[in-house]
There are 2 protein chains.
Amino acid sequence: MGLFLSTYINKIDAKGRVSVPSTFRASLSNESFQGIVLFKSHAHQALEGFPMSYMQNISDRLDHFDLLSEEQDSLAMSIFAESVQLPLDGDGRVVLPAALIEMGGLKDQAAFVGLGHKFQIWNPATLDARKSEAVKNVRAKKMTIPKFEGGQ
Amino acid sequence: MGLFLSTYINKIDAKGRVSVPSTFRASLSNESFQGIVLFKSHAHQALEGFPMSYMQNISDRLDHFDLLSEEQDSLAMSIFAESVQLPLDGDGRVVLPAALIEMGGLKDQAAFVGLGHKFQIWNPATLDARKSEAVKNVRAKKMTIPKFEGGQ
DNA sequence: TGGATATATATGGTATATCATGGAAAAACA
DNA sequence: TGTTTTTCCATGATATACCATATATATCCA
């Protein structure tokens, strides 16, 4: 799978249309669904973005919890029920529904932030603060990248 | 994977273009993405450079954290959000974005420093100081190379 | 060994294609 | 038929591909 890297700031027009960065589109080129899946972040006023194929991965992870358990039920409800799949138009744009623009705290600009297998969409004004907070967290908790354990 | 060795100093032209040393390009020849990934070093005023496959590896390792967890979120943000993937042009060059030139403290020259699986890009003027500092550290703390623990 | 020729590399400049974006036409919906 | 949504087209800015040259390195032959 192609990775989502870098930060790109694009304009949201009056109809809610916004260009998905071309490098992101390139990462989606092998997807059967040509578009993205978005839902509100639980931790931030921002949107989480995934390729459709990765939603399968999320679903598999939720199987870690017992079926019908409180966790499974609540997580599934907050992620799957609230997510929307947005197809790319002929020019590489998606239309953000008004509800998502609101939930993401967006105005007339969208900052697409690559995070590897996923990405986020932020209001550019609040993104910088989050970035420095992230770096601070990594330093404070001395987070490191886990050694590869094989597996999948 | 081919190793990055030695130090090469190349010119940065007015458009930010710089030749990737041919030996580095040779190390990249088996990569599916013909280019490099760069991001600002957290420790120095310099740029970290990786092949795309290595970023893929980092992303896979981050999957060991819970999805949407604080750790996963902060680490991904601090690494992937600020990294850029630069394709090689037909003549073996990449264009450095102005932001990266600034962050790396570069002017009109780039020193490519091979460091094994990765490399760094320095302003030649500040690189010498860093090199002797590194040697001093190794001697003072009597650092040695750990034994191989297996893995890939 | 020496010289000439070929090959690869780094670097500079120019032309072309792509991208983001705004707007209009067409289609779908109620 | 009015309204919304989707598709199509135009354009300026930007980035990418293309071509040219010089310098260094390697190869070949006398």
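Excluded from the calculations below are hydrogen atoms, water molecules and symmetry mates; all remaining heavy atoms, backbone and side chain alike, are included. Letters A, B, ... are given to chains in the order of the sequence lines, protein chains preceding strands, and every chain is numbered from 1.
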From CD1 of B/I12 across to P of C/dG12 the rounded distance in Å is 11 Å
Residues A/H117 and A/L3: closest non-hydrogen pair is CD2-CD2, 3.6 Å
B/Y8 atom OH is separated from D/dA24 atom C1', nearest whole Å, by 14 Å
Protein-proximity profile, nucleotides 5-12 of chain D, B/S/- by nucleotide at the 4.0 Å heavy-atom cutoff, equals -BBBB---
Among C/dT11, C/dT21, C/dC19, the one nearest any side-chain atom of A/S22 is C/dC19
*asked:* Hydrophobic clusters here meaning ILVMFWY residues chained together by side-chain heavy-atom distances under 4.5 Å, can you tell me if A/V113 and A/V20 are in one?
replied: no
Notebook entry, point to check: What about A/F33 and A/I58, same hydrophobic cluster or not, with Ile/Leu/Val/Met/Phe/Trp/Tyr joined at side-chain heavy-atom distances under 4.5 Å?
Noted result: yes
Atom CZ of B/F112 and atom P of C/dT9 are separated, to the nearest Å, by 15 Å
_If you take the centroid of each ring, where Trp contributes its six-membered ring, are A/F50 and A/F119 closer together than 6.0 Å?_
no
In whole angstroms, the gap separating C1' of C/dT14 from CG of B/D13 amounts to 13 Å
Margin query: Is the distance from the ring center of A/Y8 to that of A/F24 below 6.0 Å?
Written below: yes
query = Contact class for B/P87 vs. all strands (heavy atom < 4.0 Å): base, sugar-phosphate, or nothing?
reply = nothing
When rounded to the nearest 0.5 Å, the distance separating CE of A/M77 from CD of A/Q72 is 11.0 Å
Practice prompt. Kindly say if A/K11 contacts the phosphate of C/dA20, meaning a side-chain N or O under 4.0 Å from OP1 or OP2.
Written response: no
- [ ] Compare side-chain N and O positions of A/R25 against OP1 and OP2 of C/dT18 and report whether any pair is under 4.0 Å apart.
- [x] no
